[in-house]
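Positions are given from 1 along the sequence.
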Amino acid sequence: MMARPGLRDLHDETIQTVAADGKRICLRSIRQSDEDRMREGIKRLSEQSRYMRFFSVQPMPSDPVIDRLLDADGHNHIGWGAIHLNGADNPAVGAVHAIRSEHHPHAGEFSVAVLDEYHGLGLARMLTTVLLIHCEVEAMCELEVQTLAENIPAIRFILSIGAERRESEAGIVSFRLPVRSAIRQISATSQLQGVHDILAALARYIPADDSPCAPVSD
C-alpha cells in the first residue's frame with residue numbers, strides 16, 4: 001500500500017508516552033541494530049515467561065529465531081518494541097510482532113512479550129495498539145494468536161480486544177483476531193494514557209472508509 005502524501009512512513013514513527021505507573025516509554029519499530037537489546041530482554045524474562053512466549057525453557061532462542069525477530073521490514077513482518085526511558089541504559093522492556101502468512105497475504109501471526117517486572121502497566125495493550133494500526137495500513141487484516149492453555153492472562157487479554165477462540169490442540173489454544181474491529185474495541189474501551197497517546201499520534205494513518213480491511217459490500 002502506498003504511503004499517504006506528505007506523511008512519514010509509519011515504520012519510522014517514534015512515540016513517547018507513559019506506562020500506567022508513569023514510567024516514560026518509547027515505542028518504535030524493531031531494527032536490526034536492536035540485537036543486543038533483544039537478547040538482553042530475553043535473558044531478563046523469567047523462565048515461565050520465556051516458556052509462555054517461545055514454548056521453550058531454553059535460556060535463549062536459536063540464532064535463526066533471533067534473526068527472524070529482528071527482520072522487521074514494516075510490511076511482511078511488523079515488529080515494535082517498548083523502551084523504558086530511564087535515563088541510564090534505556091532497556092527494551094517489551095516487543096510485539098505480526099508476521100504475514102505465506103499462503104494468506106491478508107493474514108498474519110501475532111505474538112507479544114513484556115518483561116516480568118513491567119507486567120500490569122498496560123505495555124502489552126499499548127504495543128498491540130501500535131501493531132494493529134500498522135497491520136491495517138499494510139492490509140494484514142486478520143491475525144492468528146496461539147497461546148498455551150495455561151496462560152490465562154494472555155487469553156483474557158486477547159479476548160478483551162475481540163479475539164475469537166478457535167481450535168485447541170496439545171495444550172495450545174488458537175484465536176482469530178480481526179484487526180479493524182480490535183482497533184475499534186481498544187479505542188472505545190481503553191483508559192490508558194499510553195493508548196490515547198498512540199491513537200492521537202497515529203490518527204492520520206488509521207484508514208477510514210478506504211481501509212484495506214473494511215468489509216466488502218455486496
Margin query: Hydrophobic cluster membership, with links at side-chain heavy-atom distances under 4.5 Å among I/L/V/M/F/W/Y: are W80 and I83 in one?
Written below: no
Are [X] and [Y] side-chain neighbours, meaning at least one heavy-atom pair lies under 4.5 Å?
X: V145; Y: S174; answer: no
X: L199; Y: T129; answer: yes
X: L148; Y: Y51; answer: yes
X: L27; Y: T14; answer: no
X: L70; Y: M38; answer: yes
X: L121; Y: M126; answer: no

Applying side chain to side chain contact (heavy atoms under 4.5 Å, CB included), name anything that partners [X], two or more places apart in sequence or on another chain.
X: S111; value: R53, H97
X: A154; value: T147, N151
X: D89; value: N86, P91

Side-chain ion pair, [X] and [Y], N-O less than 4.0 Å:
X: D34; Y: R28; value: yes
X: R180; Y: E142; value: no
X: R39; Y: E35; value: yes

Give a yes or no on whether [X] atom [atom1] has more than 12 heavy-atom contacts from other residues, nucleotides or ligands under 6.0 Å away.
X: E102; atom1: CD; value: no
X: R68; atom1: CZ; value: no
X: H196; atom1: NE2; value: yes

Notebook entry, point to check: Excluding sequence neighbours, so at least two apart, what forms side-chain hydrogen bond (donor to acceptor under 3.5 Å, both in side chains) with S190?
Noted result: none
Notebook entry, point to check: Listed by chain and number, what are the side-chain hydrogen bond (donor to acceptor under 3.5 Å, both in side chains) partners of Q48, not counting sequence neighbours?
Noted result: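 For Q48 there are no side-chain hydrogen bond (donor to acceptor under 3.5 Å, both in side chains) partners, ignoring immediate neighbours.
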Note to self: Looking only at side-chain N and O atoms, does Y205 offer a donor or acceptor that is under 3.5 Å from a partner on E136?
What the structure shows: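 Per modelled atom types, E136 and Y205 side chains form no pair under 3.5 Å.
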Notebook entry, point to check: Are the side chain of R50 and the backbone N or O of Q58 linked by a donor-acceptor pair below 3.5 Å?
Noted result: yes
Check: Is the side chain of N76 donor-acceptor paired with the backbone N or O of R100 at a distance under 3.5 Å, no angle test?
Finding: no
Check: Pairs in or reaching into residues 152-173: which pass side chain to side chain donor-acceptor pair (under 3.5 Å), with residues at least two apart or in two chains?
Finding: R125-S160, E164-R176, R165-S168
Next item on the list: Find the distance between NZ (K43) and CG (L115) and round it off to the nearest 0.5 Å.
Entry: 13.5 Å
Check: How far does CG of D197 sit from CD1 of I15, to the nearest 0.5 angstrom?
Finding: 8.5 Å
